[in-house]
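Note sheet for the following structure.
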Amino acid sequence: MRRKEIFETYESEVRSYCRSFPTVFTKAKGSIITDEIGTDYIDFFCGAGSVNYGHNVDYIKEKLIDYLQNDGILHALDMMTEKKADFIEYFEKEILIPRGLNYKIMFTGPTGTNAVEAALKLARKVKKRENIWALMGCFHGMTLGALALTSDRDSRRGANVSLPYVTHIPAPYMFPNLNTIEYMETLITDDHSGVEIPAALILETVQAEGGIHVFSEEWLEDVRAFCDKYDILLIVDDIQVGCARTGTFFSFQRANIVPDMVIMSKSIGGYGLPFSLTLFKSELDIWTPGEHNGTFRGNQLSMIAAKAGLEFMLKNKIEREVKRKEKIIKNYLETQITSINDDIEVRGIGCIWGIDVKDENKALAITKQCFDNGLIIERAGRKNSVIKLMPALTISDELLMKGLDIIKNAVKAQ
């Protein structure tokens, strides 16, 4: 049986990315992924943001191999371990404290949606309110609590049950003449709004799956002030756009705000290993022991890789490198891509950008041609009409430009 036929015969129809990239991959290094017949592909997808520092980083790999060869404990639930202590200490001293942040660290189940669920549960417990506010255009996960936040219709339909206790607020880019802060304030102060005051407002500072919409620093500052005024917890979902993707380790740093909770996953795992954190201010830590748990919240390899990934990020000044690459990408898209068609719009920050071609069929054809020409890239946004650029933060200028040229040629062909 041919390799691809194995998946088509035995794997569930729920599979998705393999339909966009129909080849069998065997290895990856840096920004190159190689399939079983030896074809190399430039990676502008990064495991949906799970490998910000590229594939198989030697610095991280060596630490993982060393730990395995010395029979280090792999599974420990939430017991105290040497490597967990190492991660906590490094994260506090090198990431949180230098950024003026004072958070307790909660190790949740291994995926981002686990961390979202923990944040929702804790917010409701702290404020003793059921409702949560989220923004239209957001994506927060696929388990029922997180899915209630997620706004795209197809994802929500997959639940086949009602998804209650969430109110969706128009995102600030949706209606030019609508002040979303005033809108939210009206929902609270108008006794005929029909909307309950929430325990929390959750948002991504850059809506990634929503089509690469970057919220302004001023709007983020106003949201922080709004939440303070009405005793609402502000939760920032940094699962996809954190870990230096926007040019600062936390995506909200550019606005000089401090969320009450921060959710991290994907590249916090350092090496593509599953790892998730829910961070929150110490006064919110009203959990009782075991009130929220999970069998795989103590993955030692993930903690080793996470610490090594942070070390790698800081030693190689990745935040500064992202800001440098941002200028390259922005200049290329604005001079080489938008000139192809007046309808094309580009948006982004750091090393996450979107090319909105306003047509789902055209976007699909572009990404297919990109793949045929050796570039892995995905779509996002309403009707998947946005080409989503998410290269490794460590990608070489040469490969970055080569990938951008592949995109340009594919856009021109449509």
Side-chain angles (χ1 to χ4, degrees), residues 16-23 25 30-33 35 39-49 52 54 137 139 152 154 173-174 206-214 240-241 245-247 322-414:
S16 60
Y17 292 124
C18 60
R19 300 179 191 274
S20 298
F21 315 123
T23 190
F25 296 104
S31 290
I32 297 293
I33 302 179
D35 71 8
T39 303
D40 288 339
Y41 296 85
I42 301 171
D43 185 8
F44 267 29
F45 182 45
C46 276
N52 275 2
F139 183 90
D152 82 88
D154 288 343
Y173 58 84
M174 293 176 64
V206 180
Q207 284 190 343
E209 299 308 311
I212 322 302
H213 291 281
V214 182
Q240 187 161 163
V241 299
R245 173 60 58 180
T246 63
V322 170
K323 290 177 180 177
R324 184 185 71 81
K325 288 191 172 85
E326 176 187 59
K327 296 176 183 177
I328 296 173
I329 299 170
K330 183 175 188 291
N331 179 68
Y332 190 100
L333 296 182
E334 290 180 348
T335 61
Q336 303 294 316
I337 301 295
T338 58
S339 59
I340 297 172
N341 188 312
D342 291 340
D343 292 334
I344 295 175
E345 180 182 351
V346 299
R347 302 183 291 267
I349 186 174
C351 284
I352 179 167
W353 286 80
I355 303 170
D356 192 343
V357 297
K358 313 291 175 62
D359 183 290
E360 58 184 313
N361 294 322
K362 184 179 292 186
L364 179 60
I366 290 169
T367 55
K368 183 181 184 304
Q369 182 168 330
C370 284
F371 180 73
D372 291 342
N373 291 321
L375 179 71
I376 294 174
I377 193 166
E378 254 294 345
R379 295 170 295 141
R382 271 74 172 179
K383 299 185 183 297
N384 276 323
S385 64
V386 179
I387 313 302
K388 180 182 175 187
L389 287 70
M390 204 157 58
L393 311 184
T394 54
I395 191 171
S396 68
D397 288 3
E398 179 185 2
L399 282 179
L400 177 60
M401 294 303 295
K402 186 175 180 180
L404 290 170
D405 284 342
I406 291 172
I407 295 170
K408 179 176 72 172
N409 291 333
V411 173
K412 280 185 173 180
Q414 301 310 310

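Computed over heavy atoms, backbone and side chain alike; hydrogens, waters and symmetry mates excluded. No experiment lies behind these values; they were computed from the predicted model shown.
To the nearest 0.5 Å, atoms CG (N341) and NZ (K412) are separated by 12.5 Å. Taking OG from S31 and CG from D43, the interatomic distance works out to 6.5 Å, rounded to the nearest 0.5 Å. The CZ atom of F44 sits 11.5 Å away from atom CE of M390, with the distance rounded to the nearest 0.5 Å. Taking SG of C370 as the reference point, atom CD of E378 lies at 11.0 Å (rounded to 0.5 Å). The OG1 atom of T39 lies 9.5 Å from the CZ atom of F25; values are rounded to the nearest 0.5 Å. Distance check: C46 SG to I352 CD1 gives 10.5 Å after rounding to the nearest 0.5 Å.
Taking D397 as the reference, R324 meet the side chain to side chain donor-acceptor pair (under 3.5 Å) condition, with sequence neighbours excluded. Taking T367 as the reference, L364, I377, R379, I387 meet the side-chain contact (heavy atoms from CB on, under 4.5 Å) condition, with sequence neighbours excluded. Not a single side chain to side chain donor-acceptor pair (under 3.5 Å) links N384 to another residue, sequence neighbours left out. Considering only residues two or more places apart in sequence or on other chains, K323 meets the salt bridge (Lys or Arg N to Asp or Glu O under 4.0 Å) condition with none of them. Judged as a salt bridge (Lys or Arg N to Asp or Glu O under 4.0 Å), and not counting sequence neighbours, R382 has no contacts. The side-chain contact (heavy atoms from CB on, under 4.5 Å) check on N331 picks up T335, with sequence neighbours excluded. With sequence neighbours excluded, the residues forming a salt bridge (Lys or Arg N to Asp or Glu O under 4.0 Å) with D372 are K368, listed by chain and number. By the salt bridge (Lys or Arg N to Asp or Glu O under 4.0 Å) test, K402 pairs with no residue at all, sequence neighbours left out.
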Does the pair T246 and V214 meet the rule for a side-chain contact (heavy atoms from CB on, under 4.5 Å), with working shown? CA-CA 10 Å; T246 63; V214 182; over 6 Å; no
Would you please test Y173 and Q207 for side-chain contact (heavy atoms from CB on, under 4.5 Å) and show each step? CA-CA 11 Å; Y173 58 84; Q207 284 190 343; 2.6 Å; yes
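The two residues P391 and C351 make their nearest non-hydrogen contact at CD-O, 3.7 Å. Minimum interatomic distance between I395 and K325 (heavy atoms only, all atoms of both residues): O-CE, 2.7 Å.
Every pair passing salt bridge (Lys or Arg N to Asp or Glu O under 4.0 Å) that includes a residue from residues 354-366 is listed here, sequence neighbours excluded: E345-K358, R347-D356. Among pairs with a residue in residues 334-388, those fulfilling ring pair (Phe, Tyr, Trp, His ring centres under 6.0 Å) read F21-F371, Y41-F371, at least two apart in sequence or across chains. For residues 381-408, there are no ring pair (Phe, Tyr, Trp, His ring centres under 6.0 Å) pairs, not counting sequence neighbours.
I344 has its side chain out of reach of L333: every pair of non-hydrogen atoms, C-beta onward, lies at least 4.5 Å apart. Between I376 and I33 there is a side-chain heavy-atom pair separated by less than 4.5 Å.
With hydrogens and angles disregarded, no donor-acceptor distance shorter than 3.5 Å links the side chain of K388 to the backbone of I212.
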Show which side-chain atoms of residues 403-411 pair as donor or acceptor with protein atoms under 3.5 Å away, not counting sequence neighbours.
| unit_1 | atom_1 | unit_2 | atom_2 | d |
| --- | --- | --- | --- | --- |
| D405 | OD1 | Y332 | OH | 2.5 |
| K408 | NZ | Q336 | OE1 | 3.3 |
| N409 | ND2 | D405 | O | 3.3 |

